[in-house]
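Naming convention: chains lettered A, B, ... in sequence-line order (proteins, then strands); numbering from 1 in each chain. As the structure is a prediction and not an experimental result, all values here were calculated from the model.
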There are 2 protein chains.
Amino acid sequence: MSRWEPNARERLERAALALFAEHGYDATTVAEIADRAGLTKSTFFRHYADKREVLFGGQDMLVELFTQAIRSASPSATTAGCLAAALESVAVAFTPERHDVAEQRRVVIAANPELRERELLKRARLSSAMADALRARGTDETTARLAAEIGVLAFGTAYARWAASGNRQPFTEIADAVLRDLQARATALGAS
Amino acid sequence: MSRWEPNARERLERAALALFAEHGYDATTVAEIADRAGLTKSTFFRHYADKREVLFGGQDMLVELFTQAIRSASPSATTAGCLAAALESVAVAFTPERHDVAEQRRVVIAANPELRERELLKRARLSSAMADALRARGTDETTARLAAEIGVLAFGTAYARWAASGNRQPFTEIADAVLRDLQARATALGAS
DNA sequence: CAGGTGATGAGACATGGTGCCATCACCTAG
DNA sequence: CTAGGTGATGGCACCATGTCTCATCACCTG
């Protein structure tokens with residue numbers, strides 16, 4: 001178990017989540033996280049730009065899934081159809097066996113303003129990437145931004161419901177229902 | 001010009017904006033800001049929770065204006081009508097004489113990821129407050145959240161256009177056009 | 001076995017941010 | 001006019017985050 005144990009990132013993420021859940025985010029120092037992972041502060045910051053990032057390792061994959069789904073959608077698909085496809089494509093990241101970790105992570109983030117702020121940044125990046133992907137297939141500027149915002153709102157709502165304690169409903173079903181609801185309300189709102 | 005010069009907050013905000021514009025946000029220390037304002041680091045942190053906050057002093061007023069406009073809207077007003085009223089009510093904060101400072105502030109924030117992140121937090125608070133105000137007048141949960149998101153998107157777009165160099169169009173006109181555009185797109189998006 | 005490569009360790013350093021206590025201006029009671 | 005109370009400030013110690021540089025070590029390759 002020397003210096004070259006593999007999976008440094010994974011070890012750091014596990015250690016961080018466990019310590020945050022036990023003592024809280026503020027009361028946990030980077031040195032403690034690194035210690036628990038058998039590493040040092042230096043190595044932590046070589047893997048993560050700051051302390052918050054250790055909880056957001058999977059975000060790049062999420063962005064990739066969203067944009068890939070939109071890029072590979074049929075040219076004749078509607079914008080709303082693209083949103084549905086994008087939401088469906090990320091379901092692979094929210095399998096039942098990841099449910100417990102997701103819930104733990106959700107609680108930790110919810111308890112700390114600094115982490116909620118970082119989550120907003122991640123959501124904004126997601127929205128921005130979706131808008132780019134929509135524009136790339138010819139959607140006009142305003143619709144692209146609006147649809148991306150609705151998509152992120154739907155994702156956030158669906159993720160929260162999926163991760164909430166006790167709810168074992170598949171992510172796809174939740175996301176589908178949320179998106180349909182939002183779409184209907186958008187119609188009513190625009191028509192008023 | 002001793003210890004008890006008044007308007008400490010205002011002096012700190014001016015000093016901070018000037019230094020950020022000249023040397024950049026990162027290259028400016030809190031001690032330098034305080035020095036320039038004739039104060040000390042201690043006093044800075046007594047007025048602002050952290051270094052970023054010094055650029056977001058007017059946010060509470062913005063929230064107040066938005067929610068007040070929605071609260072005082074006619075019970076028979078549509079949700080979209082509430083958004084329009086809210087956007088119109090904040091125009092008092094964006095008078096021509098504040099244009100230059102706003103533009104300077106916009107540039108500083110745009111140049112720094114940390115500050116952009118904080119701006120997202122402020123927008124989220126705005127959205128949350130608007131959704132609360134809408135719910136308070138009977139709007140259903142989903143519509144309230146969606147409308148608040150659209151309202152903030154409209155505000156952000158309008159503010160950016162208003163503050164952008166050279167544009168001297170009144171805020172009200174810009175906001176109105178942006179909101180109408182978004183409303184039309186929302187209809188089309190929902191109907192697809 | 002010599003050298004290159006890449007991840008890690010170690011420690012100095014600046015800054016952000018917190019906490020405590022002393023200081024000073026102003027106000028008010030007596 | 002003085003004594004004390006109040007509130008904003010200064011000064012300083014302190015810890016954690018985050019940056020930087022250099023040494024170290026494992027592994028691989030010629």
Asker: Less than 4.0 angstrom from a charged side-chain N to a carboxylate O is my criterion; do A/Glu141 and A/Arg145 meet it?
Answerer: yes

Asker: Looking only at side-chain N and O atoms, does A/Arg71 offer a donor or acceptor that is under 3.5 Å from a partner on A/Gln68?
Answerer: yes

Asker: Look at the side chain of A/Thr67 and the backbone N and O of A/Val63, then say whether any donor-acceptor pair between them is shorter than 3.5 Å.
Answerer: yes

Asker: Is the base of D/dG18 touched by the side chain of A/Lys51 through a donor-acceptor pair closer than 3.5 angstrom?
Answerer: no

Asker: Could you give the OH-to-P distance, from B/Tyr25 to C/dT15, as a whole number of Å?
Answerer: 14 Å

Asker: For B/Ala31, answer base if it contacts any base atom (sugar-phosphate contacts may also be present), sugar-phosphate if it contacts only those atoms, and nothing otherwise; contact means non-hydrogen atoms under 4.0 Å.
Answerer: nothing

Asker: Base, sugar-phosphate, or nothing for A/Arg52, non-hydrogen atoms under 4.0 angstrom?
Answerer: sugar-phosphate

Asker: Confirm from the modelled atom types if A/Lys41 and D/dG18 form a donor-acceptor pair under 3.5 Å, side chain to base only.
Answerer: yes

Asker: Is it possible for you to check whether A/Lys51 lies under 6.0 Å from the centre of the six-membered ring of A/Tyr25, through NZ or CZ, and within 45° of that ring's axis?
Answerer: yes

Asker: Is there a side-chain polar atom (N or O) of A/His47 under 4.0 Å from OP1 or OP2 of C/dA7?
Answerer: no

Asker: At less than 3.5 Å, do the side-chain atoms of A/Arg46 and the base atoms of C/dG9 form a donor-acceptor pair?
Answerer: yes

Asker: Does B/Ser42 reach a base, just sugar-phosphate, or nothing at all? Heavy atoms under 4.0 Å.
Answerer: base

Asker: To the nearest Å, how far apart are B/Phe45 CZ and D/dC14 P?
Answerer: 19 Å

